[in-house]
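Report on the following structure.
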Amino acid sequence: MITETQFSKNSAGMFFHSSGSLDLSGLWDFTFLPEGTPRTADPGEFRFDSLAAVPGCFDLMPEYYLRRGTGVYRRQVEAGGEMELISEGLGLRGEFYWDRKKIATVDAPFSRRVIRFDAGKPGVHELVVAVNNEFDDSPSSLFRRGYDFYAHGGIYRKITLAPAATIRADELKIIPLEPAAGTVRIAVKFSGKTAGLTHAEVRFDHQGDPLILLLEDGIGEQVFQVPSPHLWSPDDPFLHQAEISVGGEVFAIEFGLRKVECRNGKLYLNGTPLKLIGCNRHDAHPEFGYAVPPDIRLRDLNRLKKAGMNCIRGCHYPQSEELLSLCDRLGILVWEESLGWGNNEASLTDPEFQATQVRETRRMALDSVNHPSVILWGFLNEADTAQEFAHPLVKSLAETLHEVDPTRPVTFGSNRLTKDICLDLTDVISFNTYPGWYGLEQDQFCDQENIRKHLAELAEFASRPEFREKPLLISEIGAEAIPGIYGGQRWSEEYQADLLETVVRHVLESDRYSGTFLWQFCDTRTYISNASQVRAGGFNFKGLLDRYRNPKISWRRISDLLKNNQNKEDQV
Ligand code: ADA
């Protein structure tokens, strides 16, 4: 994470970081244009008749509850000259206007954007952001109707404004090579006023004399020694600092010395076999949508760690800088993936969809590369990877991730299981499977033997010669439990607890499985129904916590199981 420096207040009482950036969070003027309203190109014609919070989701405001259309946000800002707006994430798409002139379009939800523009004369100006959440059903669309998570409309994550840096870091990677020894490779790509620059200066942990990183046309790559290396791990999430100074600009980065490896069918962290036990977590809340307040994120992660879990899968879109920094600090391991859900042939073979997937997956990796908590890259959750037509895009996404960062394993959540023909392209095999929930049998009570048998069959399949070198994960598994429904039958809290306990016990005892991400951390908003399934009340009730994070029986059952398991291990 590139850490900010101190705040200072300008004459207009606005907060400016001494590096000059302004966090635009707060209340903005707002108006809503229902779906189908003809869109004028001139934001000056909008009648702003209410206020809205930024970050925030307008379709959770009572007056626009679950409506589709365009939410238009406006505020005055003081600025001038070359400026940059950093939008951390909105949805489903947005347009930025400065003094009524369009300066940018954001066509991907949850995607971080740096928008450079000429703000004109120093003074007060008008910034308008028009955010649309209408469905685009074309094959090239990244967020399609029917994804099993809600397509909220809003500015999900913060927007900051800063004077445009004369030198920009398009790529800035600190890749641990031999973490224990403190050996790292720093790779940078600077743009802007780089002409004549021969080197940058590197300092670690504010210690010692600056080290030289040679540059050619703003590009440099070199191996360095971190003075007093301290490994990062979930039990000791130690973060190092690096400062890279070039042409008067200073980039401060936090990073961690840790190594993730795939060997003999197992995952290793810092040379020790790793067992991942955690949850899929949507970065969502019933009151705030995807504009989750920092406090909720912190509580969620602390709760997860306290329950003895060590990881989250950030399903099914890039995670916020804030959440990943929290995971770095709390020592929670992360599977981060780019946006995708159940994509079919029409999309997987659509050139525009393919290009957007590669662009957004690459962007995610470059944005998150220095977060030690991120140990796995993913993409295209449950795409139709049983078909040949899926292979080219899966291949280029895996190659893109390996090119950006050769040190993290790549995988994807496959629900095609033993029929999947793209498993050769991944470093880790990850199955989304729902024995005891989806499928013909529809047991009234949890058939634990059947679940163990199913998991054993998948492990056997993944132990074939062509797969046995790859670690194996259950990337999704679970059952619906309506909060407060008891008795042990389907939909009850006990049914879910029996199923998840069976799974976690099996994975803990298994020599083949490297872990599981249970579906899911908490109940989340989705659709009443989509093409294939109905969701009671518009919520996915497979959470181990209800939507307000109240624990179901399964949460306690799994926490107790993990505590006992830890005690047993501590006694060994
Ligand atoms: C899938 C999907 C999840 C969710 C889950 C479910 O595996 O990846 O997003 O939809 O099923 O609840 O059915």
Side-chain angles (χ1 to χ4, degrees), residues 91 109-110 142-152 278-284 286 289-290 312-319 335-344 347-348 376 378-386 390 394 411-420 422 426 428-442 451 454-455 458 473-483 490-491 493 495-496 499-500 503 516-547 552 554:
F110 304 101
L142 265 191
F143 199 134
R144 303 196 59 193
R145 192 185 304 270
Y147 283 11
D148 190 15
F149 47 104
Y150 200 83
H152 281 295
C279 287
N280 284 270
R281 180 183 174 277
H282 270 296
D283 195 33
Y290 300 123
I312 58 167
R313 174 183 178 219
C315 52
H316 303 294
Y317 35 78
Q319 300 297 300
W335 160 329
E336 189 180 21
E337 62 183 30
S338 49
L339 176 58
W341 193 90
N343 301 104
N344 58 17
S347 293
L348 297 172
L376 284 164
F379 48 76
L380 289 178
N381 174 63
E382 296 196 347
D384 192 354
T385 46
V394 172
T411 187
F412 65 86
S414 165
N415 66 346
R416 295 328 198 250
L417 309 182
T418 56
K419 301 213 173 21
D420 203 301
C422 296
T426 62
V428 172
I429 295 175
S430 302
F431 289 145
N432 293 3
T433 185
Y434 287 85
W437 190 253
Y438 295 130
L440 302 175
E441 58 293 319
Q442 301 284 317
I451 292 164
H454 174 77
L455 295 176
L458 291 179
L473 294 173
I474 295 295
S475 37
E476 284 187 31
I477 194 162
E480 309 260 348
I482 307 281
R490 285 176 78 78
W491 296 95
E493 293 195 24
Y495 186 101
Q496 181 195 48
L499 185 144
L500 294 176
V503 171
T516 182
F517 296 85
L518 305 176
W519 187 273
Q520 59 171 329
F521 176 74
C522 68
D523 298 339
T524 49
R525 192 183 297 279
T526 177
Y527 300 93
I528 305 288
S529 65
N530 67 8
S532 57
Q533 47 208 328
V534 174
R535 292 272 180 251
F539 274 84
N540 184 311
F541 282 109
K542 297 190 183 71
L544 282 73
L545 307 170
D546 74 16
R547 59 190 184 279
K552 299 179 191 176
S554 55

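Note that this is a predicted model, so its numbers are computed, not measured. As the structure lists them, so they are numbered: ligands from 1, and atoms in each ligand from 1.
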Test of understanding: with side chain to side chain donor-acceptor pair (under 3.5 Å), list the residues that count as partners of [X], not counting sequence neighbours.
{"X": "Thr426", "result": "none"}
{"X": "Asp523", "result": "Lys552"}
{"X": "Arg525", "result": "Tyr65"}

Close aromatic pair by centroid cut-off 6.0 Å: Trp519 and His316: yes
Counting only heavy atoms and a distance below 4.0 Å, can you name the residues contacting ligand 1? Asp148, His316, Trp341, Asn381, Glu382, Asn432, Tyr434, Tyr438, Glu476, Trp519, Arg535, Asn540, Lys542
Side chain to side chain, Phe521 and Leu545, heavy atoms closer than 4.5 Å: yes
Kindly say whether Ala481 contributes a backbone atom to a donor-acceptor pair with the side chain of Glu493 at under 3.5 angstrom? no
